[in-house]
2 protein chains.
Amino acid sequence: MAERAPQTSMGRSETLLFLTDEQLRRGIEAMFFAYRGFTADPDKILQEYGYGRAHHRAIHFINRAPGTTVNNLLSILGVTKQSLNRVLRTLVDDGLVESRVGTRDKRERHLYLTEAGADLERQLSEAQRNRMRAAFRNAGPEAVAGFRAVLEEMMDADMRRHYLDGGDGSGGGAP
Amino acid sequence: MAERAPQTSMGRSETLLFLTDEQLRRGIEAMFFAYRGFTADPDKILQEYGYGRAHHRAIHFINRAPGTTVNNLLSILGVTKQSLNRVLRTLVDDGLVESRVGTRDKRERHLYLTEAGADLERQLSEAQRNRMRAAFRNAGPEAVAGFRAVLEEMMDADMRRHYLDGGDGSGGGAP
DNA sequence: AGTTTATGTCAGCCTTGTTGACTTTCCAAG
DNA sequence: CTTGGAAAGTCAACAAGGCTGACATAAACT
């Protein structure tokens, strides 16, 4: 393959097979187009409720770690408290999220999905899972491992932390 | 909660190794966190120029296919012409993009980066390539293939078209 | 008692998306 | 040649969701 030496923006020390600028550009565009597909289905559902992606993100991470605090959510989402608060307020007002004052530390608010909130969460995540399941299945298990490996490398280091300690719902040792 | 068997939202016909809801959730969060990392470096550069991601996207695809028309760009970016036009106007006013009236069809405007525009493009894509190169290298060539395979499956079908016919700069067969 | 921390809130600004209405240019079919 | 419609541009208005800054309150820490 590749008559004419493939261009890389580094020296010729790179493994020539996959680090050409052209390959990297393909990766960049893959991220762009795939992320659009990734958010398309939930976006449609959210629109019916008058919500946006910001609401989805909050709902997702509250569901993942019930009882999480506002501050913790803030550090995961990487937005200002004013931004998050606006979203959170509408979710609480609409009865999708419950905000309980902490028992150990009464300054903290612990966030939980209500039944209605959990319903919406299921609807959203199911749509998103359906697309991802199809993509995973069509690409195969080895591709999935590679997908995850590359994405993990692409994260900022401090976000990798949030990503890695998922799994159990111990979102801050709620009492 | 739920120390029962691993849940999948489909039947038990799935290959249990990688299509559990938990695995899918990890994939979803990987996309979220990785996309943030993916855009973080260009965002910093853009801020210095008073531009946003919309400008980056326009610059990227004009660079990829010099001479592309506004309409073509519209279908790639998936926004309204009013939205794109606002961005394009600032780029033209600032001398980063040149808009040439079409010769064959004078209604069309063909878009090109100026020297200054190409400079900014290089700066932006270099930052983004650096991160992707590091991720690709750390993950290894097989992971890269998997990454691309999954992302391609995740795109909407009509976007896959735009993704696949990249490479040559024949953005509409300009004369 | 004084400071720090966690949260909430008000006000205002920016980018980037949206819809709707209208104009100009100009190709192409009748 | 006339006219229908496509491509592009423009103006106006609006919304989501980022941001900053300032300020309030309660609770915890020192």
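Proteins come first, then strands; the chains are lettered A, B, ... in the order of their sequence lines, and each starts at number 1.
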Closer to the 5' end of DNA chain D via nearest nucleotide, is it B:Val70 or A:Tyr51? B:Val70
Given C:dT7, is OP1 or OP2 found less than 4.0 Å from the side-chain N or O atoms of A:Asn85? no
Please report the distance, rounded to the nearest Å, between NE2 in A:His110 and P in C:dG8. 12 Å
Using a heavy-atom cut-off of under 4.0 Å over every strand shown, decide if A:Arg53 touches base, sugar-phosphate, or nothing. sugar-phosphate
Tell me which of A:Leu74 and B:Gly50 sits closer to the 5' end of DNA chain C, going by the nucleotide each one is nearest to. A:Leu74
Row check, B:Phe33 ring normal vs A:Arg160 NZ/CZ: under 6.0 Å, within 45°: no
Does B:Asp156 pair with A:Arg36 as a salt bridge, N-O distance under 4.0 Å? no
Without decimals, in angstroms, what is the distance between B:Leu77 CG and C:dT18 C1'? 16 Å
Starting from P on C:dT19, measure out to NZ on B:Lys81 and report it in whole angstrom. 12 Å
More than 12 heavy atoms of other groups within 6.0 Å of A:Glu142 CD: no
Please check this pair: side chain of A:Ser125 against backbone of A:Glu121, looking for a donor-acceptor N/O pair closer than 3.5 Å. yes
Quick test of your reading of the model: are A:Arg64 and B:Glu29 salt-bridged, counting only N-O distances below 4.0 Å? yes
Taking only side-chain N and O atoms of B:Arg86, does any of them lie within less than 4.0 angstrom of OP1 or OP2 on C:dT15? no
Between A:Asn71 (CG) and C:dT5 (P), how many Å, whole number? 11 Å
Evaluate B:Asp94 against B:Tyr49 for side-chain hydrogen bond (donor to acceptor under 3.5 Å, both in side chains), listing each step before the verdict. CA-CA 10 Å; B:Asp94 295 355; B:Tyr49 289 78; over 6 Å; no
Identify all pairs in which a protein N or O lies below 3.5 Å from an N or O of nucleotides 26-30 of chain C, and state each distance.
none

Could you tell me the boundaries of the chain B footprint on DNA chain D, defined by atoms under 4.0 Å from its heavy atoms? D:dG5 to D:dC11
Inspect the contact between A:Glu98 and A:Arg100 and indicate whether a charged nitrogen and a carboxylate oxygen are less than 4.0 angstrom apart. yes
Taking N and O atoms by type only, does the side chain of B:Gln82 place a donor or acceptor under 3.5 Å from a partner on the base of C:dG20? yes
When you measure from the side chain of A:Glu108, which nucleotide among C:dA6, C:dT16, C:dT19 comes out closest? C:dA6
Begin with the C-alpha distance, continue with both residues' side-chain angles, and end with the deciding distance and a verdict on side-chain contact (heavy atoms from CB on, under 4.5 Å) for A:Phe38 and B:Met155. CA-CA 7 Å; A:Phe38 170 71; B:Met155 296 174 196; over 6 Å; no
Salt bridge check, A:Asp158 against A:Arg161: does any charged N sit closer than 4.0 Å to a carboxylate O? no
